Amino acid sequence: MNPPHPRSIAGEVVPGDGRGRGLGIPTANLSCDGADLPDDGIYAARVGIDGADPRMPATVSVGTNPTFAGERPRRVEVHVHDVDLDLYGRRLDVVLIAVLRPTLRFADVAELVAQSERDIAGCRRVLAAQD
């Protein structure tokens with residue numbers, strides 16, 4: 001399920017729903033209006049901030065967040081590992097390295113958080129193997 005070559009997404013960080021930080025997994029929501037986004041799913045990635053070389057490890061979600069009720073546009077949410085940064089208004093350059101899994105709907109938030117923690121661990125393994 002890995003892309004044949006790394007795929008890039010870039011955008012400015014904009015306010016999202018604010019759920020990630022409250023769940024202990026903060027995400028940066030990218031404004032990607034009109035962008036040709038990859039398939040919905042969870043990806044291992046590397047991120048650069050404001051034009052820096054994309055080296056920072058990240059877990060990326062592309063999709064509609066089906067666990068939460070309501071109509072939602074597709075979005076790109078980036079969890080940059082091991083940092084606590086204010087990224088609002090900054091540009092992120094995201095290089096998708098591997099697909100971890102498809103987007104899923106969870107029965108509750110606890111299941112979502114548990115799977116997100118497993119995704120982050122899986123992302124770390126994928127990126128460590130690449131180094």
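Keep in mind that this is a model prediction, so the values were computed, not measured.
- Between V94 and P54, the closest side-chain pair of non-hydrogen atoms is not below 4.5 Å.
- With a 4.5 Å cut-off on side-chain heavy atoms, T27 and V78 do not count as touching.
- Side-chain contact between T64 and R75: absent, with no pair of heavy atoms (C-beta onward) separated by less than 4.5 Å.
- Considering only heavy atoms from C-beta on, R91 stays 4.5 Å or farther from I49 through its side chain.
- Applying the side-chain hydrogen bond (donor to acceptor under 3.5 Å, both in side chains) rule to T59 yields the partners H81; only residues at least two apart in sequence or on another chain are considered.
- For L30 against G11, the heavy-atom pair with the smallest separation is CD2-O, 3.7 Å.
- The side-chain heavy atoms of I97 and L127, taken from C-beta on, include a pair separated by under 4.5 Å.
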**OP:** Mind running side-chain contact (heavy atoms from CB on, under 4.5 Å) on D36 and R7 for me, showing each step along the way?
**Re:** CA-CA 11 Å; D36 179 27; R7 171 105 184 250; 3.5 Å; yes
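- Between the CZ atom in R105 and the CG atom in L112 there is a gap of 12.0 Å [rounded to 0.5 Å].
- Side-chain contact between E77 and V60 is absent, with no heavy-atom pair separated by less than 4.5 Å.
- Legend: residues meeting salt bridge (Lys or Arg N to Asp or Glu O under 4.0 Å) with D40, ordered by chain and number and at least two apart, are R74.
- Taking every heavy atom of both residues into account, C123 and A45 meet most closely at SG-N, 4.1 Å.
- Annotation for V62 and T103: closest pair O-OG1, 3.3 Å, computed over non-hydrogen atoms.
- The side-chain hydrogen bond (donor to acceptor under 3.5 Å, both in side chains) check on N29 picks up nothing, with sequence neighbours excluded.
- Y88 and L85 fall within the same hydrophobic cluster, where Ile, Leu, Val, Met, Phe, Trp and Tyr residues are linked whenever their side-chain heavy atoms come under 4.5 Å apart, directly or through other members.
- Tracing side-chain contacts under 4.5 Å through hydrophobic residues (I, L, V, M, F, W, Y), one reaches V83 starting from L87; they form part of the same cluster.
- With contacts defined as side-chain heavy-atom distances shorter than 4.5 Å, the pair I9/P38 qualifies.
- Q115 meets the side-chain hydrogen bond (donor to acceptor under 3.5 Å, both in side chains) test with R118, D119; sequence neighbours excluded.
- Here the closest non-hydrogen pair linking A58 and V47 is CB-CG2, 3.4 Å.
- Residues in residues 120-130 take part in these salt bridge (Lys or Arg N to Asp or Glu O under 4.0 Å) pairs, two or more places apart or across chains: D82-R124.
- Residues in residues 42-61 take part in these salt bridge (Lys or Arg N to Asp or Glu O under 4.0 Å) pairs, two or more places apart or across chains: R46-D131, D50-R90, D53-R55.
- When every heavy atom of A10 is checked against every heavy atom of C32, the shortest pair comes out as O-SG, 4.0 Å.
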